[in-house]
Amino acid sequence: MSVSTVSKVLNGRADVAEGTRSRVEELLDRHAYPRTRRRGSDPAGLIDIVFDELDSPWAVEIIRGAEEVAHASGVGTVVSAIHARSEPADEPARQWLDNLERRRSEGVILVLDELTPDQQARLSALEVPYVVIDPRGEPDPEVPSIGAANWAGGLAATQHLIDLGHRRIAIISGPSGMLCSRARLDGYRGALESAGLPADPALVRYGDFHHESGYVQAGLLLELPDPPTAVFAGSDQQAYGACEAARERGLRIPQDLSIVGFDDLSVSRWFSPPLTTVRQPLAEMGSLAARTLFRLARGETLETRRVELATELVLRESTAPPARRDTP
């Protein structure tokens with residue numbers, strides 16, 4: 001067949017006989033020919049959502065938001081985890097990119113600790129648009145990214161505890177290398193400074209956003225000679241772990257220890273006691289990422305490539321004034 005005929009089939013042109021089209025499609029599929037996207041076309045039928053791991057309800061909220069937008073547009077979603085902690089670390093990522101090429105996805109929402117230059121180059125070569133949610137480091141100004149107002153959230157959580165009368169306020173942050181962790185920690189420090197309170201290095205701990213690290217770090221904090229009367233956890237899951245560490249030591253929440261989380265996962269309102277937390281708009285981040293992806297697929301120009309959505313302090317029952325008044 002002529003190059004022009006094959007080109008017409010690849011580009012969805014109507015002026016090709018049905019028998020010829022079927023034959024070309026059969027050969028393309030048989031030889032796994034990588035088809036590039038057509039800019040400005042309608043959605044191709046699928047978008048990908050890729051995580052390092054699928055071991056957190058945090059991921060479910062992002063998926064929910066993206067899937068709602070995709071469903072409304074008649075587009076399906078493919079959810080993958082590249083298992084960044086597996087060995088060799090690059091093999092799952094390579095397999096995912098190979099699968100992405102075969103299924104001709106409309107675009108990709110990436111929720112990864114790191115997008116390597118090789119991965120970025122391959123996505124660009126495939127002409128697949130992508131959006132990054134909550135990048136680990138400073139977002140690449142050329143890559144569309146979506147995050148939350150982490151500094152403001154850290155400030156609000158700490159200010160709430162200060163307003164209740166707490167003076168020994170600890171923080172269990174996330175990984176020190178992550179942008180969102182550093183922003184929440186900076187907000188915590190900013191609130192202490194504004195209140196004229198010292199930032200005690202012994203009250204600053206780092207976890208990994210999961211239950212276990214909250215449990216371990218809270219246990220260490222509560223064993224200090226002068227333990228905190230309040231803990232700001234960098235995630236709801238770390239707050240759950242901190243609550244368990246407190247209970248094992250016979251402490252009541254919030255009478256003996258106040259705890260604030262960050263995320264507002266759906267289970268937090270049903271936790272015992274219901275968790276005071278900073279609402280991170282995870283579902284909205286997912287839905288905005290999907291809408292941004294469709295705009296890129298249509299060839300539209302984005303007004304800005306970095307968007308941060310507002311956070312909000314949600315008051316429940318895990319915080320209260322301290323049983324004793326600490327002095328600075």
Side-chain angles (χ1 to χ4, degrees), residues 53 55-61 153-154 156-176 180-181 184-185 187-188 191-192 197 199-280 282 311-327:
E53 305 286 345
D55 56 357
S56 166
W58 186 90
V60 174
E61 291 298 307
T158 311
Q159 187 61 56
H160 166 62
L161 294 170
I162 293 171
D163 291 344
L164 288 173
H166 293 278
R167 297 297 179 264
R168 292 283 291 172
I169 302 171
I171 181 172
I172 304 175
S173 182
S176 59
C180 61
S181 299
R184 293 169 198 176
L185 178 58
Y188 159 85
L192 293 179
L197 298 175
D200 185 347
L203 298 182
V204 177
R205 303 297 171 119
Y206 295 91
D208 61 5
F209 289 141
H210 293 283
H211 298 73
E212 293 81 1
S213 67
Y215 173 80
V216 170
Q217 296 302 327
L220 294 173
L221 288 166
L222 295 173
E223 296 298 328
L224 291 172
D226 187 10
T229 62
V231 174
F232 167 37
S235 72
D236 280 3
Q237 291 191 86
Q238 286 185 158
Y240 305 155
C243 288
E244 182 60 25
R247 290 191 187 101
E248 287 186 356
R249 289 161 175 79
L251 298 177
R252 301 165 299 163
I253 300 166
Q255 294 90 338
D256 301 316
L257 182 70
S258 288
I259 295 181
V260 179
F262 199 108
D263 285 330
D264 194 24
L265 300 176
S266 58
V267 71
S268 292
R269 62 179 297 195
W270 305 110
F271 195 69
S272 180
L275 185 68
T276 293
T277 185
V278 176
R279 181 179 182 271
Q280 182 174 204
L282 297 170
T311 52
E312 176 188 3
L313 181 66
V314 180
L315 299 178
R316 295 196 179 104
E317 299 173 28
S318 65
T319 55
R324 58 183 173 83
R325 287 280 176 174
D326 292 331
T327 58

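Basis for what follows: all heavy atoms, side chains included, without hydrogens, waters or symmetry-related copies.
- To the nearest 0.5 Å, atom OG1 of residue T229 and atom CG of residue L251 are 11.5 Å apart.
- Legend: residues meeting side-chain hydrogen bond (donor to acceptor under 3.5 Å, both in side chains) with S258, ordered by chain and number and at least two apart, are H166.
- From R279, atom CZ reaches atom OG of S268 across 12.0 Å, with rounding to the nearest 0.5 Å.
- One N or O on the side chain of T158 and one on the backbone of G154 form a donor-acceptor pair closer than 3.5 Å.
- Side-chain contact between L257 and L222 is present, with heavy atoms from C-beta onward closer than 4.5 Å.
- Contact of the D264 side chain with the V278 side chain is not registered, since no non-hydrogen atoms from C-beta on lie closer than 4.5 Å.
- With sequence neighbours excluded, the residues satisfying side chain to side chain contact (heavy atoms under 4.5 Å, CB included) with F271 are Y240, C243, R247.
- For D208, there are no salt bridge (Lys or Arg N to Asp or Glu O under 4.0 Å) partners, not counting sequence neighbours.
- Formation of a donor-acceptor pair under 3.5 Å by the S318 side chain with backbone atoms of L275 is not found in this model.
- Residues satisfying the side chain to side chain contact (heavy atoms under 4.5 Å, CB included) test with P274, not counting sequence neighbours, are R316, E317.
- Residues passing the side chain to side chain contact (heavy atoms under 4.5 Å, CB included) test with E212 are H210, sequence neighbours excluded.
- Using a 4.5 Å cut-off on side-chain heavy atoms (C-beta onward), I259 and F232 make no contact.
- You'll find the side chain of W58 reaches within 4.5 Å of the side chain of L282, heavy atoms only.
- Residue Q238 holds its CD atom at 9.0 Å from CD1 of I171, rounded to the nearest 0.5 Å.
- When atom types are taken as modelled, the side chain of S181 and the backbone of P175 share a donor-acceptor pair closer than 3.5 angstrom.
- Separation of atoms NE2 (H160) and OG1 (T277) is listed at 11.0 Å; rounding is to 0.5 Å.
- Looking at S213, its side chain never comes within 3.5 Å of a backbone N or O of G207 through a donor-acceptor pair.
- Looking at every heavy atom in both residues, P273 comes nearest to I253 through CG-O, 3.7 Å.
- Here the OG atom belonging to S176 is positioned 14.0 Å from the CZ atom belonging to R205, to the nearest 0.5 angstrom.
- Atoms OH and OG, from Y206 and S173 in turn, are 6.0 Å apart once rounded to the nearest 0.5 Å.
- You'll find the side chain of E61 stays beyond 4.5 Å of the side chain of Q280, heavy atoms only.
- Inter-residue side-chain proximity for Y188 and L203 is flagged as met; some heavy-atom pair is nearer than 4.5 Å.
- Scanning for side-chain hydrogen bond (donor to acceptor under 3.5 Å, both in side chains) contacts around E248 gives Y215, with sequence neighbours left out.
- Here the side chain of D236 pairs a donor or acceptor atom with the backbone of L265 at under 3.5 angstrom.
- When only modelled atom types and interatomic distance are considered, T276 and T319 share a side-chain donor-acceptor pair under 3.5 Å.
- Under the 3.5 Å distance criterion, the side-chain polar atoms of R184 are matched with a main-chain donor or acceptor of G234.
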